[in-house]
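Below is one structure, written out as structure tokens; comments come after it.
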Amino acid sequence: MRLTDPDWVTTFRVHRRRAASFQLSRVFLAGDAAHAHSPMGGQGLNTGIQDAQNLAWKLASVVRGEARTGLLESYTPERAAVADAVVRDTDLQTRAAMWTRGSQVTLRDTAMRALDRTGVLDRFYVPVAAGRRWVYGPVADGPRRARAVHWCSARAGLRRHAREGAALPRQLAVALGVAGPAADPVRLHLVVLPGEKDPDRGLADAVRRLAGPWAGQVRVVDTAALPGRGPAVSAARELHCRHAGFHLVRPDGHIVLHGHREELRELYDTLDRLLVSGAGSAPEAGLSPTVELPLEEEDMYQTAGSVPFAHTVGSGPHKVIVLHSLFGGHQSFSPLWPYLDGSRFTYAFMDARGFGRSLDVAGTYTTDEIASDVLALADSMGWQDFSLVGHSLGGQPIQQVLLKAPQRVRRIVGLSPVPAGGVPIPDSDFPLFAEAAHKVENRRIVIDLTTGNRLSPHWVTAFAESSMKEVGPVAFRSYLDSFRTTDFADRVSGAQVPALVVVGEHDPAVTAESMQETWMKHYPNGQLAVVGNAGHYPMVETPVALATLLEEFLSP
């Protein structure tokens, strides 16, 4: 090809880029915003559509309140692995296409003709380009139980499309109603095979009863009950399983879990980790004796609804609601509990949405929402009036409760609190805090910094790791943005409620000087106390001293 009289000539630059994360708080990246690469094979369009297909059902399920918010955290690892492969492969294809040496060109062209004539390209490359060969990892974290060994597992492992994480063969998925125009775009499907070698006709009923708590979110497909023997035979052949068993399939067609009767408990655990029970239609009858699953109380997930979880300590007449920091839920106060006077006080240590026992409770994750939940909690316990204690993040919502219901608040205590005017984190320091949403090392650095770089590295690391379990990245980043941008100082200033602010002498983030300029100016009846030998976490560092200080102030 020879160009003549061009109007405009420029250079097309092939990029090889992938975003570090496809999710930041409530913002998700997909398509070219998440990955840029060579246009070889038209993979950009395919990969972008696959991103949307992966995210859409998860987002819809969480927004509807049918799935746990942790489900969204699987989007980045699943799609980032695919993007890495696409970026790598298209780069190699582009480099091969740009070869100019005679020997290289001959080798490339000869190989491509051979692959095309033998059908290898159609059999292997086209399914990859269409996204039918990607195998995702486990969508829900949790311990995997020991399994009985079945020949089908070994056979499926040799065939990529039948593995856990792989996409169900398209033709089979359409025939079973798992994919295609007639399929529900949000429901998961449990495909049950009756078994050719060891038929188990009761397995489908057992699976149906087991999935009862999630009847609105899971559809059971009994292949033996479909017209003719074709679907059951086809499913057994395509999935390489001739034993009675089940396949849990996601709305995007990927297999979450494959097992047999002895793996029913693992199926229950998987559904429990993914979905919120009772969010759909009414559950079916209880588990049959053949599938009885004795569950300990702590294994059962109870939705918090509009009333958040709270751990209570004591039974005294003075009621106190306690709110935690950004780095941990109600458990962060556990070192303090043995030293509280339960005969004079009743303490309710609440988990905000996205923390601890409320980890999977969806919300807007704002300090104002926490304040509304505090009032809902107080109403549910029949507490007409109460005092409030808020640590760090919790310092803002206790003041917002005061604005919403001033007649119900007896006293307030801020422990190294976020003031009513928020915390204007400098731009130079913000990445450290923002990336702590998903990086344990950043949380470790912040915890070490705010305790004065003086505590055991082992304790700091353990506290950071515990923090990662207590609050997920979405809630963490959302609350961080909330208290940075929320300012109601003018509205709360002048409130007559008795108010105590407590800071640790080694806390460089929340100091006595900063509280003199904020908290003490807002509350005419305010008091300031500095706890010795403590940083940002006096409930952990000096629990006895803090308990004494709190109850001296709260006492009538």
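The figures that follow rest on heavy atoms only: side chains count, while hydrogens, waters and symmetry mates do not.
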Could you give the distance from [atom1] ([X]) to [atom2] ([Y]), rounded to the nearest 0.5 Å?
X: Met468; Y: Lys439; atom1: CE; atom2: NZ; value: 11.0 Å
X: Arg411; Y: Asn525; atom1: CZ; atom2: CG; value: 9.5 Å
X: His35; Y: Phe22; atom1: NE2; atom2: CZ; value: 5.0 Å
X: Leu480; Y: Thr485; atom1: CG; atom2: OG1; value: 9.5 Å
X: Asp507; Y: Leu449; atom1: CG; atom2: CG; value: 8.5 Å
X: Met350; Y: Leu323; atom1: CE; atom2: CG; value: 5.0 Å

Ignoring hydrogens and geometry, is there a side-chain-to-backbone donor-acceptor pair from [X] to [Y] under 3.5 Å?
X: Gln43; Y: Val86; answer: no
X: Thr450; Y: Ile447; answer: yes
X: Thr94; Y: Thr90; answer: yes
X: Gln396; Y: Pro419; answer: yes
X: Ser482; Y: Thr367; answer: yes
X: Glu551; Y: Asp341; answer: yes
X: His330; Y: Val322; answer: no
X: Arg410; Y: Val320; answer: no
X: Arg443; Y: Ser467; answer: yes
X: Glu369; Y: Tyr365; answer: yes

Check: [Y] and [X] side chains under 4.5 Å, non-hydrogen atoms:
X: Leu72; Y: Leu59; value: yes
X: Glu505; Y: Asn533; value: yes
X: Leu248; Y: Leu271; value: yes
X: Leu550; Y: Tyr339; value: no
X: Leu415; Y: Val389; value: yes
X: Phe333; Y: Leu546; value: no
X: Glu541; Y: Leu455; value: yes
X: His536; Y: His391; value: yes

Decide, yes or no, whether a salt bridge links [X] with [Y] under the criterion of side-chain N to carboxylate O below 4.0 Å.
X: Arg477; Y: Asp481; value: yes
X: Arg273; Y: Asp360; value: no
X: Arg357; Y: Asp351; value: no
X: Lys469; Y: Glu465; value: no
X: Asp368; Y: Lys404; value: yes

* Mind checking whether Phe345 and Tyr347 have parallel, tilted or perpendicular rings, split at 30° and 60°? ->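 If you compare the ring of Phe345 with that of Tyr347, the planes turn out tilted.
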
(message) Once you measure the plane-to-plane angle for His311 and Phe349, does it fall in the parallel (<30°), tilted (30-60°) or perpendicular (>60°) bin?
(response)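 His311 and Phe349: tilted rings.
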
Tell me the closest heavy-atom pair linking [X] and [Y], and the distance in Å.
X: Lys521; Y: Ser493; answer: O-OG, 3.9 Å
X: Gly472; Y: Glu73; answer: CA-OE2, 4.0 Å
X: Leu377; Y: Pro308; answer: CD1-O, 3.8 Å
X: Gly31; Y: Asp51; answer: N-OD2, 3.0 Å
X: Ala495; Y: Pro524; answer: O-CD, 3.1 Å
X: Leu500; Y: Ala529; answer: CD1-CB, 4.1 Å

query = Would Ser38 and Gln93 count as a side-chain contact (heavy atoms from CB on, under 4.5 Å) if you check the C-alpha gap in whole Å, the side-chain angles of each, and the deciding distance to 0.1 Å?
reply = CA-CA 9 Å; Ser38 167; Gln93 293 171 39; over 6 Å; no

Legend entry - Phe553, CZ: over 12 other non-hydrogen atoms inside 6.0 angstrom: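 Yes, CZ of Phe553 has more than 12 neighbouring heavy atoms, counting only those of other groups under 6.0 Å.
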
A cation-pi test, strictly: NZ or CZ of Arg79 under 6.0 Å from the centre of the six-membered ring of Phe28 and no more than 45 degrees from its axis. Yes or no?
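No.
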
Please assess Tyr537 against Ser325 for the test side-chain contact (heavy atoms from CB on, under 4.5 Å), listing each intermediate value before the final yes or no.
-> CA-CA 9 Å; Tyr537 300 92; Ser325 74; 4.0 Å; yes

Exercise. Could you give me the CA-CA distance, side-chain angles and deciding distance for Asp84 and Arg88, then say whether salt bridge (Lys or Arg N to Asp or Glu O under 4.0 Å) is met?
Key: CA-CA 6 Å; Asp84 287 341; Arg88 181 193 65 239; over 6 Å; no

- [ ] Apply side-chain contact (heavy atoms from CB on, under 4.5 Å) to the pair Val471 and Leu326, showing each step before the final yes or no.
- [x] CA-CA 8 Å; Val471 54; Leu326 182 62; 5.5 Å; no

Given the rule in the side-chain contact (heavy atoms from CB on, under 4.5 Å) test, do Val492 and Leu402 qualify, once you have shown the distances and angles that lead to the verdict?
CA-CA 8 Å; Val492 80; Leu402 180 64; 4.2 Å; yes

**Prompt:** Should Tyr523 and Gln399 be marked as a side-chain hydrogen bond (donor to acceptor under 3.5 Å, both in side chains) after you check the CA-CA gap, both sets of side-chain angles, and the distance that decides it?
**Reply:** CA-CA 11 Å; Tyr523 299 103; Gln399 299 175 78; 2.8 Å; yes

